[in-house]
Amino acid sequence: MTLSANLLDWYDRNRRELPWRIDKDPYKIWVSEIMLQQTRVEAVKEYYTRWLRRFPTPYELAAAEEEEVLYYWQGLGYYNRARNLQAAMSEVCAAYGGEIPNDEAALKALPGIGEYTAGAILSIAFDCRTPAVDGNVLRIFSRLFYVTEDITKSKTKRLISRLVSEYISLERPGDFNQALMDLGAMVCIPQTPRCAECPVLDFCQAYALDVQCTLPVKPAAKAPRELTLVAGIIQRGGEYLIRRRPSGNVLAGMWEFPAIEICDESCEKATLEQFIYTQFALKVLVQEKAFNYVHIFSHLKWYINFYHCQCFTGEVLFQDTQWIALSEWENITWAGPHRKAAEALWKNSVGGGPAA
DNA sequence: AATGCGGGGAC
DNA sequence: GTCCCAGCATT
């Protein structure tokens, strides 16, 4: 038996039934692959189903407002994926008549599609014999072939891509690639691989050397940069001021309570009042603290101090700002922790105060 | 080649 | 707490 045959046989008996494995519609495969970038299967399932219900073909997505596209992506993270996906579908509709191109160069020219995603779409939807090297494949092949180089280096990725090209199934390349995903998720897992269950154990050099747990090799993650922000919950006539985060920042395009980074926590109230005045032309009085949140990104750590603010003046509203009633909180595309803040305020207001 | 970009589940 | 996930774009 060959590596490929063992793997496919295992896949046929153990594959996961997933919503994007029901058919081979290239658009659906594409959507799933974008959602699955750096994102776990369990997290994607519901988003995928909801997305396909609202955007069943490239045309619905291309025609939608970006605001709505982001709303359907809210909570998945890496929001440029959603913007790129929509931009790509606009191109598909305009340049390819709504048909997904069956061509590596054409796919990789579209925004959001890189080496991995092009290979995945081509192999799964079009039966092309293209590798799709993701984190699972890097881990599995570094163990199978005892690759001790740093897998975050592009040279190592090229090496493993060549190995996959060498071993990928001729008859079922898409299933071969998906089998590697399932093997990586269920058997050849990062910390404690379940080698006793592995269908390609006989081919694994790391197992033979008993060094599975030392592979793959990658440098330790750097600690996230920490920063402190102060945010204003600005109430006026039962409504609250929110603003859309500017592009070029983390969580670009998402809505938040006005917030500013502070360097000196001792003067955060004054900083907030000044910020709100210069940015929104509103005179406010910062009152009592509402709550503190800590929010961890992969590369950032936010400490946010939320303050209630009383607003006295100002009718001018700038672009990307609006007043909203708290009852609308679920309809807003919130920036990360600001959703929790809005929800807490809402629950507080309908709960009728501190008493149970 | 290095960095920015989210959020959450498993341990 | 740490790790890491069906990565890509930009520099």
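Just so we're clear, the structure is a prediction, and the values are computed from it rather than from any experiment. Throughout, protein chains are lettered first and strands after them, A, B, ... in sequence-line order, and every chain is numbered starting at 1.
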Using a distance-only criterion (donor-acceptor N/O pair, under 3.5 Å, no hydrogens), is the base of [N] paired with the side chain of [X]?
X	N	result
Thr117(A)	dG7(C)	no
Thr39(A)	dG7(B)	no
Arg81(A)	dC5(B)	no

Q: Describe the nucleic acid contact of Asn136(A) in one word from base, sugar-phosphate, nothing, applying a heavy-atom distance below 4.0 Å.
A: sugar-phosphate

**Q.** Cation-aromatic face contact Arg50(A)/Tyr47(A), 6.0 Å, 45 degrees
**A.** yes

Just how far, in rounded Å, is [atom2] of [N] from [atom1] of [X]?
X	N	atom1	atom2	answer
Tyr79(A)	dG7(B)	OH	C1'	7 Å
Glu33(A)	dC5(C)	CD	C1'	13 Å
Arg245(A)	dC5(B)	CZ	C1'	12 Å

Q.
With no hydrogens and no angle check, just 3.5 Å: does a side-chain donor-acceptor pair link Arg139(A) and Asn136(A)?
A. yes

Q) Does a side chain donor of either Arg21(A) or Gln178(A) reach within less than 3.5 Å of an acceptor in the other side chain? A) yes

Q. Can you say whether the rings of His295(A) and Trp302(A) are parallel (under 30°), tilted (30 to 60°) or perpendicular (over 60°)?
A. tilted

Q | P gap between dA6(C) and dC5(B), integer Å | A | 23 Å

